Asks: 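Okay, here's the structure, questions in a sec.
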There are 2 protein chains.
Amino acid sequence: MNSLTEENYLKAIYKLVDGEKVAVTTNAIAEKMNTKAASVTDMLKKLSDKKLINYEKYYGVKLTAKGEKIALNIIRKHRLWEMFLVEKLEFGWDEVHDLAEQLEHINSEKLVAQIDKFLNYPKVDPHGDPIPDSNGKLQIQKSALLSTFKKNEVCMMTGVVDHSPTFLQYLAKTELTLGSTIKINDINDFDRSLQITAGKAKPFFISNEVAKNILVSLK
Amino acid sequence: MNSLTEENYLKAIYKLVDGEKVAVTTNAIAEKMNTKAASVTDMLKKLSDKKLINYEKYYGVKLTAKGEKIALNIIRKHRLWEMFLVEKLEFGWDEVHDLAEQLEHINSEKLVAQIDKFLNYPKVDPHGDPIPDSNGKLQIQKSALLSTFKKNEVCMMTGVVDHSPTFLQYLAKTELTLGSTIKINDINDFDRSLQITAGKAKPFFISNEVAKNILVSLK
DNA sequence: AATAAAATTTAGATTAGTCTAAAAATTAGT
DNA sequence: ACTAATTTTTAGACTAATCTAAATTTTATT
Ligand SMILES: [Mn+2]
Ligand SMILES: [Mn+2]
Ligand SMILES: [Mn+2]
Ligand SMILES: [Mn+2]
């Protein structure tokens with residue numbers, strides 16, 4: 001139905017829109033897809049012909065309902081596969097993304113349904129990102145950055161901003177995992193670094209840079 | 001490294017060789033791949049340049065050691081995925097092949113290793129076909145057609161010749177599953193149809209056509 | 001409002017994989 | 001050993017996705 005490339009463009013556009021109602025620019029797509037603007041323009045025409053996006057020259061693009069549904073389905077598959085790899089095949093949360101980029105294009109309704117069932121219908125992926133349901137509905141979780149919290153406040157880790165293997169590997173060496181209860185013991189006035197307690201471990205330090213990449217829920 | 005199309009050509013050539021040492025013809029490949037001979041010739045040149053096959057104009061092709069290794073790895077992945085779908089995701093043995101045709105091209109050594117482990121290192125796939133090990137070694141099982149057995153002989157079902165969903169669905173409705181013990185009660189002299197007992201079920205009839213598509217081991 | 005800068009589109013090529021039609025080589029039939 | 005039939009290869013064209021370079025449109029700056 002849609003080529004792998006078309007699917008990736010739709011996903012990229014979806015992620016660039018990110019809830020906002022603004023149109024996505026050609027250059028933004030080119031950067032995200034690691035291609036040139038000229039290539040993007042060609043593809044936009046094709047997606048527009050297929051009624052998956054609304055495209056107006058020089059203005060930018062928006063996904064149609066049809067296009068958004070496809071994008072959400074790809075994201076659903078991506079996150080379910082990541083969950084499967086971590087939960088069932090002993091992968092680390094830092095090594096599943098690229099593989100899921102391949103698996104998300106496997107075309108089988110039944111496969112997705114069975115993986116979902118096998119995992120007992122997870123709501124979020126290994127990085128705390130919500131998994132769209134089979135109708136493309138996405139549970140939006142309100143979360144805040146750990147860096148915005150104050151001394152003595154307590155919260156729970158629900159996700160990460162940076163998804164890079166480097167960051168994820170760093171976190172894996174601490175007590176900071178999804179669901180961890182975090183207490184902020186102290187904040188350094190000079191560099192905004194934090195002394196925190198996570199789970200049952202000894203208190204330890206994290207930089208403000210790290211705190212800005214950890215999502216937590218108010219608790 | 002190799003495109004999906006190249007992988008499929010290598011697999012097709014491997015299957016056409018089928019143990020024999022003869023060269024595979026252009027037309028045979030074209031038929032198996034559902035393409036035209038002209039397209040095959042183009043691809044043969046490419047695979048030859050990559051040293052994956054030995055190709056001589058008008059003569060035919062053979063896989064090099066390198067090409068055969070790739071083909072066997074694709075087959076390994078195909079059969080492991082089929083096993084996974086049947087054993088873990090409640091798929092029927094008649095509905096896994098096409099999906100495995102997609103999954104066999106997913107590129108991740110670790111994924112294959114982990115699926116293999118998860119399935120506890122199966123030796124055969126859901127159709128009784130042997131699964132090559134990670135070095136490309138393939139356990140060859142000697143088996144015979146049920147149609148070659150005589151009255152009162154007993155054997156065990158180890159595989160099928162025809163892999164079509166229609167045939168597999170038919171078998172699924174009988175007691176004829178991999179591992180079934182089969183006793184031949186009687187053979188009809190006119191049409192070579194058999195009256196057999198499989199497992200603990202009541203005796204029943206199968207045509208010679210069916211018997212010619214069931215692989216059994218001498219027991 | 002005019003001009004400079006930036007963003008976007010168009011034009012023209014390229015590569016992988018495919019096709020049809022024609023040419024060349026091989027194999028089969030007498 | 002010829003000729004006919006079959007198989008295989010070549011030639012030339014097409015589509016999807018990409019690129020570079022040039023043209024066009026929009027936005028920003030004076
Ligand atoms: Mn991911
Ligand atoms: Mn994720
Ligand atoms: Mn199969
Ligand atoms: Mn099989």
Side-chain angles (χ1 to χ4, degrees), chain A residues 1-17 20 22-63 67 70-71 74 101-102 104-107, chain B residues 1-17 20 22-63 67 70-71 74 101-102 104-107:
Chain A
M1 191 67 183
N2 304 296
S3 72
L4 181 146
T5 312
E6 288 168 341
E7 289 185 347
N8 282 335
Y9 270 94
L10 291 173
K11 188 176 59 149
I13 294 167
Y14 179 89
K15 293 207 165 182
L16 287 167
V17 173
E20 331 261 329
V22 290
V24 176
T25 67
T26 301
N27 268 354
I29 298 168
E31 187 171 0
K32 176 147 270 213
M33 297 285 299
N34 286 309
T35 51
K36 297 303 159 77
S39 309
V40 174
T41 302
D42 284 345
M43 182 56 81
L44 295 183
K45 282 177 194 161
K46 198 181 354 163
L47 294 174
S48 184
D49 288 347
K50 296 179 87 170
K51 312 263 189 239
L52 301 176
I53 60 174
N54 289 314
Y55 169 56
E56 284 187 86
K57 268 194 191 179
Y58 293 103
Y59 167 70
V61 295
K62 292 178 180 176
L63 292 173
I70 294 168
I74 304 296
E101 290 285 308
Q102 290 185 62
E104 71 189 7
H105 301 289
I106 297 293
N107 184 5
Chain B
M1 190 66 183
N2 304 297
S3 73
L4 181 145
T5 312
E6 288 167 342
E7 288 184 348
N8 282 335
Y9 270 93
L10 292 173
K11 186 175 59 149
I13 295 166
Y14 180 88
K15 293 208 165 184
L16 288 167
V17 173
E20 331 262 329
V22 290
V24 177
T25 67
T26 301
N27 266 355
I29 298 169
E31 188 173 358
K32 176 147 270 212
M33 298 284 299
N34 287 309
T35 52
K36 297 304 160 77
S39 309
V40 174
T41 302
D42 285 345
M43 182 55 82
L44 295 184
K45 282 177 193 161
K46 196 174 6 157
L47 293 174
S48 184
D49 288 346
K50 295 178 87 170
K51 312 265 189 237
L52 301 176
I53 60 174
N54 290 314
Y55 169 56
E56 284 186 86
K57 267 194 192 179
Y58 293 103
Y59 167 70
V61 295
K62 291 178 182 175
L63 292 172
I70 294 167
I74 305 296
E101 290 285 308
Q102 290 185 63
E104 72 189 7
H105 301 288
I106 298 291
N107 184 6

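A, B, ... follow the sequence lines: proteins, then strands. Residue 1 opens every chain. Just so we're clear, the structure is a prediction, and the values are computed from it rather than from any experiment.
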Asks: Rounded off to whole Å, could you give me the CD-to-C1' distance for the B:Glu7 and C:dA16 pair?
Replies: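 So the two atoms are 15 Å apart, to the nearest Å.
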Asks: Is there a side-chain polar atom (N or O) of B:Tyr9 under 4.0 Å from OP1 or OP2 of C:dT18?
Replies: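 Yes, B:Tyr9 has a side-chain N/O under 4.0 Å of OP1/OP2 on C:dT18.
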Asks: At what distance, to the nearest 0.5 angstrom, does NZ of A:Lys45 lie from NZ of A:Lys57?
Replies: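 Between atom NZ of A:Lys45 and atom NZ of A:Lys57 there are 6.5 Å.
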Asks: Could you state the CG-C1' distance from A:Leu47 to C:dT9, rounded to the nearest angstrom?
Replies: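 After rounding, the gap between these two atoms is 16 Å.
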Asks: Hey, could you give me the CD/CD1 distance between A:Glu6 and A:Ile74, rounded to the nearest 0.5 Å?
Replies: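 If we round to the nearest 0.5 Å, A:Glu6:CD and A:Ile74:CD1 are 11.0 Å apart.
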Asks: Write down the protein N/O and nucleotide N/O pairs, taken from nucleotides 19-23 of chain D, whose separation is under 3.5 Å; answer none if there are no such pairs.
Replies:
residue, atom, partner, partner atom, Å
D:dC19, OP2, A:Lys36, N, 3.1
D:dC19, OP2, A:Ser39, OG, 2.6
D:dT20, OP2, A:Lys36, NZ, 3.0

Asks: I need the CG-P distance between A:Leu4 and C:dA16, as an integer number of Å.
Replies: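 Distance check: A:Leu4 CG to C:dA16 P gives 18 Å.
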Asks: Over all heavy atoms of both residues, which pair between B:Ala30 and B:Lys36 is shortest? Give the atoms and the distance, please.
Replies: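 Shortest heavy-atom separation between B:Ala30 and B:Lys36 comes out as CB-C, 3.9 Å.
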Asks: Could you grab the distance from atom CG of B:Leu44 to atom CG of B:Asn54, nearest 0.5 Å is fine?
Replies: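 B:Leu44 atom CG to B:Asn54 atom CG measures 11.5 Å (nearest 0.5 Å).
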Asks: Base, sugar-phosphate, or nothing for A:Thr41, non-hydrogen atoms under 4.0 angstrom?
Replies: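 A:Thr41: base contact, heavy atoms under 4.0 Å.
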Asks: State which residues pass salt bridge (Lys or Arg N to Asp or Glu O under 4.0 Å) with B:Lys11; sequence neighbours excluded, sorted by chain then number.
Replies: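 Scan of B:Lys11 (salt bridge (Lys or Arg N to Asp or Glu O under 4.0 Å), adjacent residues dropped) gives B:Glu101, B:Glu104.
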Asks: Please round to the nearest 0.5 Å and tell me the distance separating atom CD of A:Glu31 and atom OG1 of A:Thr25.
Replies: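 With rounding to 0.5 Å, CD (A:Glu31) is 9.0 Å from OG1 (A:Thr25).
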Asks: Say you draw a straight line from CD1 of B:Ile53 to CD1 of B:Ile70; how long is it, rounded to the nearest 0.5 Å?
Replies: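 Reported to 0.5 Å precision, the distance equals 11.5 Å.
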Asks: Are any of A:Thr26's side-chain N or O atoms less than 4.0 Å away from OP1 or OP2 of C:dT9?
Replies: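 For C:dT9, OP1 or OP2 has a side-chain N or O of A:Thr26 closer than 4.0 Å.
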Asks: Return the residues of residues 49-57 of chain A meeting this criterion: a heavy atom under 4.0 Å from some atom of DNA chain C. Order them by number, or give none.
Replies: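 Contacts with DNA chain C under 4.0 Å: A:Tyr55, A:Lys57.
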Asks: In whole angstrom, give the distance that lies between atom CE of A:Met43 and atom C1' of D:dT15.
Replies: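 In whole Å, D:dT15 C1' and A:Met43 CE are 12 Å from each other.
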Asks: Would you mind reading off the distance between B:Glu6 atom CD and C:dT18 atom P, rounded to a whole angstrom?
Replies: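 After rounding, the gap between these two atoms is 10 Å.
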Asks: Please tell me if the side chains of A:Lys62 and A:Val24 come closer than 4.5 Å, counting only heavy atoms from C-beta onward.
Replies: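 Contact flag for A:Lys62/A:Val24 side chains = no.
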Asks: Please round to the nearest 0.5 Å and tell me the distance separating atom OH of A:Tyr9 and atom CG of A:Asp42.
Replies: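 If we round to the nearest 0.5 Å, A:Tyr9:OH and A:Asp42:CG are 8.0 Å apart.
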Asks: Roughly, in whole Å, what's the span from NZ in A:Lys45 to C1' in D:dT15?
Replies: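 Distance check: A:Lys45 NZ to D:dT15 C1' gives 16 Å.
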Asks: Tell me whether the OP1 or OP2 atom of D:dT6 has a side-chain N or O from B:Asn27 closer than 4.0 Å.
Replies: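 No, no such contact exists.
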Asks: To the nearest Å, how far apart are B:Glu31 CD and D:dT8 P?
Replies: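 After rounding, the reported distance stands at 12 Å.
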